[in-house]
Amino acid sequence: MSPPHSTSSGRSWSAVLLLIVSFLSLIDLTLTNDNLWIQTTNSAGETIWLRDDRKPALYTQDFGDCLGSSLINVTRFDAAYYQDNMTVLFHLEGNTNVANESIMMYIGVFAYGESRFDLTFNPCNAQIYSLCPMNSSVPISC
């Protein structure tokens, strides 16, 4: 039979170990949760929180060039549409033969026979400097 103090000492160490493991789990959850959310602003200027690991409702990384040699040649295009806050993220690269031209851009997302998103904007206001103005000496990159 073991002395009474060793059983109570064993319980104390178990309680301390359980407390430490619980505390470490809490720290891990806190660090993990900080990485799950990003802060952004909606169109009304309100702060909103979005999951960092969310997936787009629609995504493409392909494009078709039906004209071949045109005034604007796209070499890279990929776009993602996020339905939760109705945003479109895109990357566009290419070049142009246009000497110097101010342009407006139109982004339209059409899927499954329906228009999902459309936006007309001035690339200068959107800080897309490679299109402000469009110039043959500056590669397109946004």
**Request:** Nearest 0.5 Å please: distance from the CE atom of M105 over to the CE atom of M134.
**Result:** 7.5 Å

**Prompt:** Within a reach of under 6.0 Å around CD of Q39, are more than 12 heavy atoms found that belong to other residues, nucleotides or ligands?
**Reply:** yes

**Item:** Check: L71 main-chain N/O paired with T96 side-chain donor or acceptor under 3.5 Å
**Value:** yes

**Asked** Are I128 and M104 connected in the hydrophobic side-chain network, where two residues link if heavy atoms are under 4.5 Å apart?
**Response** no

**Asked** Does the S130 side chain pair with the main chain of S141, one donor and one acceptor, at a distance under 3.5 Å?
**Response** yes

**Prompt:** Going from CZ on R116 to CD on E114, what distance comes out if it is rounded to the nearest 0.5 angstrom?
**Reply:** 4.5 Å

**Request:** Carefully, step by step, assess L58 and Y112 under the rule side-chain contact (heavy atoms from CB on, under 4.5 Å).
**Result:** CA-CA 11 Å; L58 298 170; Y112 309 111; 3.9 Å; yes

**Asked** If you round to the nearest 0.5 Å, how far is CG of L89 from OG1 of T87?
**Response** 5.0 Å

**Message:** Looking at every heavy atom in both P133 and E101, which two are closest together, and how far apart are they?
**Reply:** CB-O, 3.4 Å

**Request:** List the steps, then state whether side-chain contact (heavy atoms from CB on, under 4.5 Å) holds for I107 with D118.
**Result:** CA-CA 5 Å; I107 297 175; D118 63 69; over 6 Å; no

**Asked** CG of N97 to CG of N135: how many Å apart, nearest 0.5 Å?
**Response** 11.5 Å

**Asked** Would you say S115's side chain and F110's backbone share a donor-acceptor pair under 3.5 angstrom?
**Response** no

**Item:** I72 CD1 to S136 OG distance, which is reported to the nearest 0.5 Å
**Value:** 12.0 Å

**Shortest non-hydrogen contact between K55 and Y82, atoms and distance** = C-CE2, 3.8 Å

**Asked** Are side-chain heavy atoms of P56 and Y81 found at a separation under 4.5 Å?
**Response** no

**Path from Y129 to L131 over hydrophobic side-chain contacts below 4.5 Å** = no

**Closest non-hydrogen atom pair between Y59 and A80, with its separation** = CD1-CB, 3.8 Å

**Prompt:** Could you state the interatomic distance from CD1 (I140) to CG (N95), rounded to the nearest 0.5 Å?
**Reply:** 6.5 Å

**Item:** Note, V109 side chain near V88 side chain (heavy atom, < 4.5 Å)
**Value:** yes

**Asked** Hey, does T60 have a side-chain heavy atom less than 4.5 Å from the side chain of F77?
**Response** yes

**Request:** Determine whether F90 and C142 make a side-chain contact, defined as any pair of heavy atoms from C-beta on separated by less than 4.5 Å.
**Result:** yes

